[in-house]
Amino acid sequence: ASHGDEINRLFRRYVGIRLESVLRTRQSSPEREQLDIEVRHIHGRLWHIASEAAAADPRSIPLGLFTQAINEVIDIKAKRDIAVANHVPEGVLLFLLAFAVLAAGVLGYGNGLAGDRMRILTAAYYVIVALAIVLVIDLDHPQQGLARTSQQSMLQLQEIMDARRR
């Protein structure tokens with residue numbers, strides 16, 4: 001319990017940093033790099049506290065649960081970072097674009113062979129293909145665009161931690 005206040009302070013700061021990095025910085029920005037350095041420092045400090053406590057009482061069950069929780073925090077951050085860093089490969093996007101252009105060419109050629117253009121169907125095709133490409137790109141960047149990853153659970157956690165602090 002001697003480290004309880006420090007642990008609470010570290011976890012509150014950790015949640016604040018994670019929210020700030022997602023809501024207020026761009027991926028690969030110097031600001032995000034600085035926040036990631038601070039997160040690594042918090043992870044290290046929490047791990048150090050757990051190690052000191054383990055040396056003092058290696059058979060403590062609550063300490064084992066605390067250590068497991070720290071491991072999960074570190075693992076979840078790594079998984080989130082990997083998910084944010086992974087994108088649809090450029091080659092796939094180029095193939096998708098080339099396929100759309102090819103299909104538009106085939107549609108135009110078919111209209112030419114028929115001797116009549118079906119303007120409404122042709123326009124609908126172009127809109128659907130454009131929306132599909134935009135959707136793929138938008139989903140590939142979960143922190144930008146129309147489809148964003150919700151941070152509601154982190155915001156609720158921050159509210160709970162702030163309420164307990166008072």
Side-chain angles (χ1 to χ4, degrees), residues 1-101 128-166:
S2 62
H3 290 293
D5 290 339
E6 181 181 7
I7 290 169
N8 286 333
R9 182 185 59 76
L10 289 169
F11 274 120
R12 272 196 309 279
R13 180 63 187 138
Y14 176 81
V15 170
I17 290 171
R18 296 301 295 150
L19 281 169
E20 184 179 346
S21 77
V22 170
L23 299 176
R24 295 189 184 90
T25 65
R26 292 179 102 31
Q27 185 179 345
S28 302
S29 69
E31 295 85 12
R32 174 134 344 150
E33 293 294 326
Q34 197 60 38
L35 291 171
D36 280 347
I37 290 169
E38 191 172 349
V39 163
R40 284 192 296 274
H41 173 74
I42 290 172
H43 288 164
R45 183 63 191 138
L46 287 169
W47 197 253
H48 180 74
I49 290 170
S51 297
E52 282 182 349
D57 186 7
R59 302 182 80 197
S60 170
I61 293 173
L63 178 61
L65 296 173
F66 176 68
T67 304
Q68 182 179 356
I70 292 171
N71 274 332
E72 286 183 35
V73 165
I74 293 169
D75 290 346
I76 288 170
K77 182 193 181 307
K79 287 177 186 175
R80 283 180 64 127
D81 289 348
I82 289 169
V84 168
N86 283 340
H87 294 289
V88 175
E90 263 185 51
V92 172
L93 291 174
L94 290 173
F95 177 76
L96 181 63
L97 186 61
F99 183 75
V101 169
I128 290 169
V129 169
L131 287 174
I133 292 171
V134 167
L135 180 64
V136 168
I137 293 170
D138 191 53
L139 290 174
D140 191 42
H141 296 84
Q143 295 175 354
Q144 302 168 343
L146 298 173
R148 293 180 183 221
T149 303
S150 173
Q151 298 301 315
Q152 191 60 38
S153 60
M154 289 292 273
L155 290 167
Q156 288 172 342
L157 177 60
Q158 189 176 47
E159 287 175 11
I160 290 168
M161 293 175 91
D162 288 346
R164 292 183 84 195
R165 186 177 171 190
R166 295 178 197 145

**Student:** Evaluate whether atom CD of Glu20 has more than 12 neighbouring non-hydrogen atoms of other residues, nucleotides or ligands under 6.0 angstrom away.
**Tutor:**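 More than 12 heavy atoms, drawn from other residues, nucleotides or ligands, come within 6.0 Å of this atom.
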**Student:** Please round to the nearest 0.5 Å and tell me the distance separating atom CD of Glu33 and atom OG of Ser21.
**Tutor:**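 Going from the CD atom of Glu33 to the OG atom of Ser21 covers 10.5 Å.
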**Student:** Assess whether atom CD of Glu90 is packed by more than 12 heavy atoms of other residues, nucleotides or ligands within 6.0 Å.
**Tutor:**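 It does not: Glu90 CD has 12 such atoms or fewer within range.
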**Student:** Does the pair Val39 and Leu35 meet the rule for a side chain to side chain contact (heavy atoms under 4.5 Å, CB included), with working shown?
**Tutor:** CA-CA 6 Å; Val39 163; Leu35 291 171; 5.6 Å; no
**Student:** Give the C-alpha distance, both sets of side-chain angles, the deciding distance and a yes or no for side chain to side chain contact (heavy atoms under 4.5 Å, CB included) between Val92 and Val136.
**Tutor:** CA-CA 10 Å; Val92 172; Val136 168; over 6 Å; no
**Student:** First locate atom NE2 of His41, then atom CG of Leu46, and finally report the distance between them rounded to the nearest 0.5 Å.
**Tutor:**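 Spacing of NE2 (His41) from CG (Leu46) equals 9.5 Å.
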**Student:** Which heavy atom of Val22 sits nearest a heavy atom of Arg80, and at what distance?
**Tutor:**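 Looking at all heavy atoms of both residues, the closest pair is CG2-NH2, 3.7 Å.
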**Student:** Begin from the C-alpha positions of Ile42 and Ile17 and carry the test side chain to side chain contact (heavy atoms under 4.5 Å, CB included) through to its verdict.
**Tutor:** CA-CA 10 Å; Ile42 290 172; Ile17 290 171; 3.7 Å; yes
**Student:** Using 4.0 Å as the upper bound for N to carboxylate O, is an ion pair formed by Asp5 and Arg12?
**Tutor:**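 No, Arg12 and Asp5 are not salt-bridged.
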**Student:** Going by the angle between their ring planes, with limits at 30° and 60°, are Phe99 and Phe95 parallel, tilted or perpendicular?
**Tutor:**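 It falls in the parallel class, under 30°.
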**Student:** Roughly how far apart are Ile133 CD1 and Leu96 CG, rounded to 0.5 Å?
**Tutor:**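 Rounded to the nearest 0.5 Å, the CD1-CG separation comes out at 4.5 Å.
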**Student:** What side-chain donor-acceptor pairs closer than 3.5 Å can you find for residues 57-76, not counting sequence neighbours?
**Tutor:**
residue: Ser60; atom: OG; partner: Leu63; partner atom: N; Å: 3.2
residue: Thr67; atom: OG1; partner: Leu63; partner atom: O; Å: 2.9

**Student:** Work out which heavy atom in Met154 is nearest to a heavy atom in Val15; give both atom names and the distance.
**Tutor:**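 What the structure gives for the nearest pair is O-CG1, 3.8 Å.
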**Student:** Show me the pairs that pass salt bridge (charged side-chain N to carboxylate O under 4.0 Å, His left out) and involve residues 35-53, at least two apart or across chains.
**Tutor:**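 Qualifying pairs: Glu6-Arg45, Arg13-Glu38, Asp36-Lys77.
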**Student:** Closest approach of Glu31 and Thr25, non-hydrogen atoms and distance?
**Tutor:**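 So the minimum-distance heavy-atom pair works out to CB-CG2, 3.7 Å.
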**Student:** Which value, rounded to the nearest 0.5 Å, describes the distance between Asp162 atom CG and Leu157 atom CG?
**Tutor:**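 Rounded to the nearest 0.5 Å, the CG-CG separation comes out at 9.5 Å.
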